[in-house]
Amino acid sequence: MTVSTANLDTHADDVLRCPDRAYITSTTLVGHSYGAMVIAAASDRASGRVTRLATVENSNMSIKDE
C-alpha cells in the first residue's frame with residue numbers, strides 16, 4: 001500500500017490493528033479533525049470492542065516560551 005492509495009478504510013483498519021495486536025477487548029478511541037472520521041469508521045467495524053469515542057476540537061490556545 002502506498003500513501004497515494006491509502007483511504008479512510010485503510011486508516012480505520014490501521015487504528016483497529018493496534019488493540020487487536022495487544023489483545024485489548026474494550027477501548028476508547030480519540031480523534032481530531034480527519035481522525036474523528038477515522039475513529040468513527042473504526043468503531044463501526046470494531047464489533048463492540050470500542051466503548052467510547054472522543055473527538056478533540058481546535059482551540060485558540062497557544063503556548064508561549066518565556
Side-chain angles (χ1 to χ4, degrees):
M1 168 99 25
T2 64
V3 172
S4 64
T5 59
N7 58 30
L8 181 62
D9 292 325
T10 306
H11 298 136
D13 290 341
D14 288 345
V15 165
L16 289 178
R17 195 169 295 120
C18 293
D20 285 348
R21 287 183 175 166
Y23 303 103
I24 297 171
T25 59
S26 178
T27 189
T28 298
L29 298 179
V30 180
H32 170 265
S33 189
Y34 171 73
M37 293 189 317
V38 172
I39 65 170
S43 178
D44 283 345
R45 62 186 76 183
S47 308
R49 295 174 291 154
V50 175
T51 55
R52 292 183 190 98
L53 295 178
T55 57
V56 181
E57 295 182 25
N58 282 340
S59 71
N60 291 327
M61 297 174 58
S62 63
I63 299 173
K64 288 173 59 177
D65 291 328
E66 295 192 36

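Reckoned from all heavy atoms, side chains included, excluding hydrogens, waters and symmetry mates. Along the sequence shown, residues are numbered consecutively beginning with 1.
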Give the table of side-chain donor-acceptor pairs shorter than 3.5 Å for residues 17-30, with sequence neighbours excluded, one pair per line with atom names and distance.
residue: Arg17; atom: NH1; partner: Asp14; partner atom: OD1; Å: 2.6
residue: Asp20; atom: OD1; partner: Arg49; partner atom: NH1; Å: 2.1

Residues 34-47 side chain polar contacts: donor-acceptor under 3.5 Å, at least two apart:
residue: Tyr34; atom: OH; partner: His11; partner atom: ND1; Å: 2.8
residue: Arg45; atom: NE; partner: Ala41; partner atom: O; Å: 3.4
residue: Arg45; atom: NH1; partner: Asp13; partner atom: OD1; Å: 2.9
residue: Arg45; atom: NH2; partner: Asp9; partner atom: OD1; Å: 2.9

**OP:** Indicate, with yes or no, if Leu8 and Leu53 share a hydrophobic cluster defined by side-chain heavy-atom contacts under 4.5 Å among Ile, Leu, Val, Met, Phe, Trp and Tyr.
**Re:**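 In one cluster with Leu53: Leu8, yes.
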